[in-house]
Amino acid sequence: MIYTEKISLAQALSKRRENSDASKPSIGFVPTMGALHKGHLSLIHKALSENDLVVVSIFVNPTQFNNAEDLKKYPIHTERDIALLEEISKDIFVYLPMVAEVYGNHVSSAQYLFDGLDKVMEGKHRSGHFDGVATVLDKFFKVVQPDKAYFGEKDFQQLQIVRKLVEKSGLPIQIIGCPIFREDNGLAMSSRNERLSAKEREEAAIIYETLLKVKEKFTTNTLEELSDFATEQFLQNPNLELEYFEIVNEDTLKPEPRKTANIKYRAFVAVFMGQVRLIDNMLLN
Ligand code: AMP
């Protein structure tokens, strides 16, 4: 069923909860910006397997775009998305609000403190992005009141920031991270991939290939050598423009001076392939 207003969604959820056989039916929530692909669907299947009720939101959130052109060109396939969701389960609550329903007349972000998690990588290169993400999630969490919310490791920095948001605001929501779903050539699935030409899609496999090589070299090379290696691979490739490559502690998202036991190191990359910005990441140890 599709809901375009928060009031009708909240009412439908509470009615379904009252009529459920379970004493306290659990709600799983999967927020998306639509143009659904198999990566999104993997989160939705997980949510369906772990909860009594599942809400999927489809909303291209304007406040998280730092680039007007990127927002304008963001793919929208509402009918196809709805058909896909109905194929999976007729029981999914689809929340499909308009911008005015979410923001009223003030399309703006609140300001958050994420203990520095928002100051690096995506935060550094996409000013205000995470305040926009947190603003819309705050609003959606209040309407949906999920027990569990599902986020992809594709946007690993976002996942850590959402964990921090929930921790700081004391919301009783379990945040579930889900593995990155990839094309056959290793390219991380993304709604933005459809803006790539067939040739660009093929060439973008270098992102995954390089991350894999860095992982393979992890035990035998220093962090600096690994960063130099990856940066060189990307800079040498005429088809893409490197924005950043970083190896950081996956909990703090900060670089470490050297390898230390018990720290999880994760490599993060952002590149432009023509006009399209692509991100990816991989756990190295
Ligand atoms: P988006 O519609 O891009 O905002 O993504 C909605 C959710 O799907 C986010 O939690 C993303 O991290 C997740 N997601 C997007 N692409 C993938 C992927 N290739 N694998 C796993 N999760 C993904």
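Counting convention: from 1, in listed order, for ligands and their atoms alike.
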* Asked: Is the charged tip of K217 near the ring of F229: under 6.0 Å from the six-membered ring centre and within 45° of its axis?
  ->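 Yes, K217 and F229 form such a contact.
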* **Sequence-distant partners of Y95, side chain to side chain donor-acceptor pair (under 3.5 Å), two or more places apart** =>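 In terms of side chain to side chain donor-acceptor pair (under 3.5 Å), with neighbours along the sequence ignored, Y95 is linked to no residue.
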* Out of K264, E256, R266, which residue meets the side chain to side chain donor-acceptor pair (under 3.5 Å) rule with N249? ->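 Option passing the side chain to side chain donor-acceptor pair (under 3.5 Å) with N249: E256.
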* In terms of the angle between their ring planes, are F151 and F141 parallel, tilted or perpendicular, with boundaries placed at 30° and 60°? ->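 Geometry flag for F141 against F151: perpendicular rings.
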* Decide yes or no for F268 and L253: does some side-chain heavy atom of the first lie under 4.5 Å from some side-chain heavy atom of the second? =>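 When only atoms from C-beta onward are counted, L253 and F268 do touch, with a gap below 4.5 Å.
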Note down each nitrogen or oxygen pair, ligand 1 side and protein side, whose separation is under 3.5 Å; give only atom names and the distance to 0.1 Å.
residue	atom	partner	partner atom	Å
ligand 1	2 (O)	M33	N	2.9
ligand 1	2 (O)	H40	NE2	2.8
ligand 1	5 (O)	H40	NE2	3.4
ligand 1	10 (O)	G152	N	2.9
ligand 1	12 (O)	G152	N	3.2
ligand 1	12 (O)	G152	O	3.2
ligand 1	12 (O)	D155	OD2	2.6
ligand 1	16 (N)	M189	O	3.3
ligand 1	19 (N)	F181	O	2.9
ligand 1	19 (N)	M189	N	3.4
ligand 1	19 (N)	M189	O	2.8
ligand 1	20 (N)	F181	N	2.8

* N61 versus Y74, side-chain donor and acceptor atoms under 3.5 Å ->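 Judged by distance alone, the side chains do not pair up.
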